[in-house]
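A short worksheet on the structure shown next.
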Amino acid sequence: MTVARGAHAQPMTVRTAALRLAFEAVARRQAAMPFFRKDLAVEVLAFRSWQDAWVGALITPWCLNVVAIPKERGSWDRFCVGDARSWGFPGGTCELLVADVGDLGRYQSAALFSPLSDFAHQHEIRKAARAALDMLFAEAATAHPLPPVPAADGGRPTLTRRAFVRGAWRE
């Protein structure tokens, strides 16, 4: 188990359990929606330490998201819900939206797939989630199946959802 540093830091397992529990509650409210897949379960996976956050994937019965959770609960309260925050990952830059849910509080996420109609089973979604995270955390020299999109500011390439959706995760 990895533990963050700081006065209010919480272990990754505590933070990811709060995320899972919060979205299980959301799933109970969403169950009647037409895009809801009753054969899928809420799952958090492949979280790792990055800067001041735990970054991983969230699978729900309606979407697959990349999610960042602050290591210190409440440390992102200064961010407004709905704001886009730019994250520099080894594989490129990705924008995550600030949100707030249940006992978890503020977190940031980007949808990779929504709805999940392209997937037959949860294990396929897990594979896609791990591939997306591998792309985010791959060094730029090895993050290839598709050419990177140049960043507007001339900096690191931007990792786009479009490149991911085009099938790079399958390789």
For the residue pair [X] and [Y], establish whether any side-chain heavy-atom pair is separated by less than 4.5 Å.
X     : Y     : value
Leu19 : Phe47 : yes
Leu58 : Val42 : yes
Val26 : Trp62 : yes
Cys94 : Val66 : no
Val44 : Phe23 : no

request  = Could you list the residues that satisfy ring-ring contact (aromatic ring centres under 6.0 Å, His included) with Phe36, not counting sequence neighbours?
outcome  = none

ask   = Can you list every pair that meets side-chain hydrogen bond (donor to acceptor under 3.5 Å, both in side chains) and has a residue in residues 21-35, with sequence neighbours left out?
value = Arg20-Glu24

ask   = Cationic tip of Arg106 within the cone over Phe79's six-membered ring, i.e. under 6.0 Å and within 45° of the normal?
value = no

query = Does Arg37 use its side chain to pair, donor to acceptor, with the backbone of Leu116 at less than 3.5 Å?
reply = yes

query = Is the count of non-hydrogen atoms from other residues, nucleotides or ligands lying under 6.0 Å from Asp103 atom CG greater than 12?
reply = no

message = Rounded at 0.5 Å granularity, tell me how far SG in Cys63 sits from CD1 in Ile125.
response = 10.0 Å

request  = Mind checking side-chain contact (heavy atoms from CB on, under 4.5 Å) for Ala41 and listing every partner two or more places apart, or none if nothing turns up?
outcome  = Gln122

query = Is it true that the side chains of Gln51 and Trp87 contain a donor and an acceptor less than 3.5 Å apart?
reply = no

ask   = So Phe119 and Leu40, side chain to side chain contact (heavy atoms under 4.5 Å, CB included) or not? Walk me through it.
value = CA-CA 10 Å; Phe119 300 95; Leu40 301 177; over 6 Å; no

